[in-house]
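Some notes on the structure that comes next.
In what follows, every chain begins at residue 1, and chains take the letters A, B, ... in the order their sequences are listed.
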Amino acid sequence: MTPAEEPVPVPVLRLPRGPDGRGRGFESRRRHPARGEAEAQRARARLRRRFLRALAAARGRPARFWLRAGVRVDATFGAADREAAALLVEALRTPLGLQEAALLRGPDVLCFRFPLP
Amino acid sequence: MNEWQKKSPLEWETYLNKLVKVAVIEKHECEGWVLTVDPVSASIVLATFPENESVSISVVLGHAVEEVEILKEGDDEMEQRLSCIFAPEESKAYSPEELEKRKNNLKTWLETNHIPITEQGESGKTLCVAGVLTIDPPYGPEECSSSNEIILSRVQGLIQGYLEKNQ
């Protein structure tokens, strides 16, 4: 007969209360957002929605990119990631030739421009 | 993070529909009408209307913004013009009676296909499928919303087929 497996007790680290008398290293329970926060969140959503529509409109359009150190390149806009930390482009014209696809690093890009159809 | 990136969404919103000149790092400059400011990257989207050409859109990445100077306030006409640039495609305008008819036809068809459907929302304009998917007027595949991708794609396919058959 096999002995029943005893559950191994897990040590729990319990921190002392912080100097302001609350929190043992945990975030306090979420409060309802203050009215100001809700306003800001609505504004954030409106702005973001427009930005995403702008990116969607840029897709497939011929664009010109101004990068750091005076570099300027032309390419077809593909997509951007969530924080615009990387931009996907296609048909990137470089002095070395045409790159079918490339990722431009967001921090390297200063601005880009594209015409709407 | 630069000063521009530290602003709040409500502050960024105050720049909408204004003609601005953006001083970009490395001595660049960008001028145009503010369409939006991305709250995630603080990137500014500007529109310009060159003569005899279609609208040109410029995006200045948030990290590259040095200063934003407001040159002019946009009037109602400009605001209207700017809001149309990225507006979702205008659907054919349906009259209230047409919408009601479309809704009832779709509802009947779904019911005969044993799909649980109810009406909800103010004045019952929204259809609700199985409690997980909603269909807004004018009741096409693009007006379906759901958090379940599989159900969404199935129902969109059904509606697409239904509309093609009955159009």
Side-chain angles (χ1 to χ4, degrees), chain A residues 33-72 74-89 104-117, chain B residues 1-2 5 7-17 21-50 52-66 68 79 81-89:
Chain A
R35 184 160 322 153
E37 283 178 43
E39 268 296 314
Q41 185 52 29
R42 269 197 288 274
R44 200 178 281 123
R46 279 194 293 266
L47 293 172
R48 181 68 173 172
R49 189 180 311 136
R50 270 195 168 188
F51 183 69
L52 294 176
R53 291 230 166 92
L55 290 183
R59 184 166 177 62
R61 307 296 303 150
R64 175 157 288 180
F65 297 81
W66 282 264
L67 309 181
R68 287 185 186 260
V71 177
R72 195 189 73 182
D74 293 337
T76 303
F77 186 86
D81 73 350
R82 197 173 43 184
E83 298 104 11
L87 303 183
L88 170 70
V89 295
L104 301 178
R105 282 190 299 212
D108 288 347
V109 179
L110 303 182
C111 61
F112 64 95
R113 183 174 301 165
F114 62 94
L116 286 180
Chain B
M1 280 225 291
N2 59 36
Q5 288 172 302
K7 287 188 189 291
S8 74
L10 290 167
E11 280 179 285
W12 286 321
E13 249 196 343
T14 62
Y15 288 86
L16 290 188
N17 304 316
K21 185 154 71 175
V22 182
V24 184
I25 58 177
E26 300 195 5
K27 300 213 177 23
H28 291 283
E29 219 174 63
C30 224
E31 198 178 297
W33 296 89
V34 178
L35 279 167
T36 189
V37 177
D38 176 31
V40 174
S41 62
S43 303
I44 311 178
V45 182
L46 301 167
T48 48
F49 305 96
N52 305 328
E53 280 172 47
S54 51
V55 187
S56 178
I57 306 293
S58 307
V59 180
V60 182
L61 283 268
H63 70 85
V65 175
E66 260 177 1
V68 180
E79 202 174 309
R81 203 172 170 194
L82 293 173
S83 67
C84 285
I85 292 181
F86 297 133
E89 269 185 30

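Among C30(B), S8(B), S58(B), G62(B), the residue making the largest number of heavy-atom pairs under 4.5 Å with chain A is S58(B). Ranked by heavy-atom pairs under 4.5 Å with chain B, the list A84(A), A54(A), A63(A), A45(A) is led by A54(A). Of the listed residues S41(B), S43(B), P50(B), the one with more heavy-atom pairs under 4.5 angstrom with chain A than any other is S41(B). Annotation: maximal heavy-atom pairing with chain A below 4.5 Å, among V37(B), L46(B), L35(B), T36(B), occurs at T36(B). Put simply, of V65(B), I85(B), V60(B), V22(B), the one with the most heavy-atom pairs under 4.5 Å next to chain A is V60(B). When I57(B), V55(B), L61(B) are compared by the number of non-hydrogen pairs under 4.5 Å with chain A, I57(B) comes out ahead.
Closest approach of R53(A) and F86(B) over heavy atoms only: CD-O, 3.1 Å. Of all heavy-atom pairs between E26(B) and G70(A), the closest is OE1-N, 3.7 Å. For A43(A) against P9(B), the heavy-atom pair with the smallest separation is CB-CB, 4.0 Å. Heavy-atom minimum distance, R59(A) versus G78(A): NH1-O, 2.8 Å.
Both the backbone and the side chain of S83(B) come within less than 4.5 Å of a heavy atom of chain A. Heavy atoms of R68(A) lying under 4.5 Å from chain B belong to its backbone as well as its side chain. Using a 4.5 Å cut-off between heavy atoms, V24(B) touches chain A through its side chain atoms alone. For L16(B), the part lying under 4.5 angstrom from a heavy atom of chain A is the side chain only.
Residue R61(A) places its CZ atom among more than 12 non-hydrogen atoms of other residues, nucleotides or ligands, all under 6.0 Å distant.
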Original post:
Would W12(B) and D38(B) satisfy side-chain contact (heavy atoms from CB on, under 4.5 Å), going step by step from the backbone distance to the final call?
Top reply: CA-CA 9 Å; W12(B) 286 321; D38(B) 176 31; over 6 Å; no
